[in-house]
Amino acid sequence: MRFTDLNGQGGIGANASLIEIGPYTLLIDSGIHPKFSGNAALPDLEKIRDRDVDFILLTHCHLDHVGSIPVAARHFPRARILSSRANCLLGPRMLRNSINVMKRQKEEQDIPEYPFYSFPEVEALEDRMEPLAFHRTYIFDDRGTDLEITLYPAGHVAGAAGMRITCNGESVFTTGDCLFRDLLILGGAEFPVDPVDVIITETTRGMNEATASADRTEEWERLFAETRKTFERGGTVLIPTFALGRMQEVMTQLDARKDEPWLTDIPIYATGLGMDLVNYFDQISKRIGNLVFSRKVLKRLKVRTPDWKWCRGKQPGQPSLLLLSSGMLVENTPSWRAASGILDKPQNSIFFIGYCDPDTAGGQLQRQHAEEPEKPFFFEPLEYECPIRAEIQKFDLSGHAERLEIANYVTEVAPSTVILTHGEAGARDWFSAHFKQHLVDSTIIDPAPGETIEIQKT
C-alpha cells in the first residue's frame, strides 16, 4: 500500500490524498485551500497526472475537501466518483456557489485562472457521482480483484463519511473530518472498531483542550446568555456562520428557544448559501435520513433577509440577530460586510462559534481585539476603517471531534500504521506524541506535502 498527501501547502487546506492498494488507485477528496488564491489554492494534482486513478472518493462537502473535485474529474475522466447520498446532493450545489465566488474574485482581484471549472462541468460531475449508503460494503472488481469500500457516518456535517477500504488482505480507514458527539440536527460518528492495518486521521483540534461540557450544552447556553445581554443593552449580535451545517444547527438551537421572552421580539436575519442549503437539508432529512432538520424553522423563527445598506458604520435600526456567512469573515461575504456596520458600536457583539484561520479577517479581528484593541480595524476592499468597540467573543462549538476522542478511537483499533492529516503542525505534533506513547507497536507518520509513503503490511 502507498499513501501520498497531495495538499501542497500542508496544514488544513486543499485536502487530497492518494491511496494505492492492490491494483487500485484512489483519490480521497480534492479541495481548495482557504488561505490561498489562484492555482496555489489547488492540491498538487499535477504530481499524479500520469496515474490511472480508478476512484475519486468524497468524504464531505466543505470546500477544503470538495472545492476542486471538478478539476480532479477533468484530470481523471475514467475515475468513478463515489460518496454518500447526501454528498451527492450537496456537492454540486456547493460547487456552483464556488463558481460564482471565483467569478467575483476574478474581477475584484484579477485572478486569470478563475473560475477553475464551469457550470457544465459541475452538471457532468453530478451525472458521474455514484451514491453509496452507510454501513453497506460495496465490492468493485474493475481490475479483476475485489476492492471493498464501506462508508460510515462521521458526524461533523450532513453527508460526512469515514471510509474503510480493503483489497488483497490490506485495509485502511480514513476518518475524514469527524465529530463523535451528537448535534441537534445530526448524530455523531459511528466508526467501526474492527481491526484495520492503517488509519488516516484528521488532527484539527490537536492543540485544543477539551471543552468543559461533554456535549457542549454549556457553550450553547453561554452563547445565548451573552446574546441576551447584548439585546438588553440595545445592541445587535452578529454570529458569523459556515453555510453548510453550522447555520442550520444554530437555527435549530434558536428554534428550541423560540418561546423564551428575550428572543420573541428580536428580528433574525439570514442570507446567502446557508439559506439555500436549508432546502437541501430539509430534503435530505425527508429522503435519506441521518439528519433531523426542517425548513419550517425559518417560519417559526420569522427569519428575514438583511438590508445590505448595513455596512461602513450602518447597522439595523433595532437590536437584531444576524446569522451570516462566512464563518471566518472572509472579505466581501455577508458577515464581513455586516461586521463593518456594527464593529464601532459598544452595544453590539460579534460572536465566533468555529475555527477562524489566523489569516482571514475573522482571525485578524480576534487577534487585534486581544493584542491591539485601540488600533482601528481596516476593511480593505471597502477602504474603510473603524475602532473596535463591539464585544468580541469566541465560543468553542467546533464541528470537529476533541483530540482525545479521536486518539481514544484510534488507540482502541490499534492499527499498525497511523497517518496524520488535516491539522496544523502543532496539532499533528500532539497526536504524534500521544500515539508514540500509547501505540508503541504502531508506526506514526506525519507525511510531508507530496511525499509518498510505502506501507508494509505487518
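- Checked by atom type, the side-chain pair Ser68/Ser30 shows a donor-acceptor distance below 3.5 Å.
- Side-chain N/O atoms of Ser432 and Asp429 include no donor and acceptor closer than 3.5 Å.
- Residues Asp110 and Lys106 are not paired through a salt bridge, judged by the lack of any N-O separation under 4.0 Å between the basic side chain and the carboxylate.
- In terms of modelled atom types and a separation under 3.5 Å, the side chain of Glu170 and the main chain of Ile21 share no donor-acceptor contact.
- Between Ser17 and Asp5, the side chains place no donor N or O within less than 3.5 Å of an acceptor N or O (distance only, hydrogens not considered).
- A perpendicular orientation is assigned to the rings of Phe36 and His33, their planes being inclined by more than 60° (bins at 30° and 60°).
- Judged purely by distance below 3.5 Å, without hydrogens or angles, the side chains of Arg295 and Asn279 pair a donor atom with an acceptor atom.
- Classification of the His62-His60 ring pair by plane angle, with boundaries at 30° and 60°, yields perpendicular.
- More than 12 heavy atoms of other residues, nucleotides or ligands shown are found within 6.0 angstrom of CZ on Arg78.
- Residues Ser171 and Thr166 bring no donor and acceptor atom of their side chains to less than 3.5 Å of each other.
- With no hydrogens or angles considered, a side-chain donor-acceptor pair links Thr137 and Thr150 at under 3.5 Å.
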Review point. Going through the distances and angles, do Arg93 and Asp276 end up as a salt bridge (charged side-chain N to carboxylate O under 4.0 Å, His left out)?
Key: CA-CA 9 Å; Arg93 179 63 186 90; Asp276 188 36; 2.3 Å; yes

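- Checking side-chain atoms of Lys258 against main-chain N and O of Leu301 turns up no donor-acceptor pair under 3.5 Å.
- Remark: the Thr411 side chain and the His438 side chain contain no N/O donor-acceptor pair separated by less than 3.5 Å.
- Around the CD atom of Glu451, the shell of radius 6.0 Å holds more than 12 heavy atoms that belong to other residues, nucleotides or ligands.
- Counting non-hydrogen atoms of neighbouring residues, nucleotides and ligands closer than 6.0 angstrom, the NZ atom of Lys296 reaches no more than 12 such neighbours.
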Exercise for review: Check the pair Arg222 / Glu219 against salt bridge (charged side-chain N to carboxylate O under 4.0 Å, His left out), numbers first and verdict last.
Suggested key: CA-CA 5 Å; Arg222 188 170 71 88; Glu219 279 294 272; 3.0 Å; yes

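- In terms of modelled atom types and a separation under 3.5 Å, the side chain of Thr333 and the main chain of Leu329 share no donor-acceptor contact.
- Ring-plane geometry between Phe116 and Tyr114 is classed as perpendicular, the angle between the planes exceeding 60 degrees on a 0 to 90 degree scale with a lower cut at 30.
- Side chain of Ser98 to main chain of Met94: no donor-acceptor pair is present (N/O by atom type, distance under 3.5 Å, no hydrogens or angles).
- Ring geometry for Phe395 against Phe351 counts as perpendicular: the plane angle is over 60°, on a 0 to 90° scale with 30° as the lower cut.
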Practice item. Could you please spell out the steps behind the side chain to side chain donor-acceptor pair (under 3.5 Å) verdict for Asn208 and Glu402? Key: CA-CA 8 Å; Asn208 298 80; Glu402 305 290 359; over 6 Å; no

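- At most 12 non-hydrogen atoms from other residues, nucleotides or ligands lie less than 6.0 angstrom from CG of Asp441.
- Side-chain atoms of Asp64 and His422 include a donor-acceptor pair closer than 3.5 Å.
- Between Tyr24 and Phe55, the angle of the ring planes lies from 30° to 60°, which puts this pair in the tilted group.
- In this structure, the side chain of Tyr409 does not engage the main chain of Val193 through any donor-acceptor pair within 3.5 Å.
- With hydrogens and angles disregarded, no donor-acceptor distance shorter than 3.5 Å links the side chain of Ser83 to the backbone of Asn87.
- Listed for the Asn408 side chain is a donor-acceptor partner under 3.5 Å among the backbone atoms of Leu404.
- For the residue pair Gln364 and Asp359, no side-chain donor N or O sits within less than 3.5 Å of a side-chain acceptor on the partner.
- Side-chain atoms of Tyr152 do not come within 3.5 Å of backbone N or O of Arg164 as any donor-acceptor pair.
- Using a cutoff of 4.0 Å between basic side-chain nitrogens and carboxylate oxygens, Arg51 and Glu20 are scored as salt-bridged.
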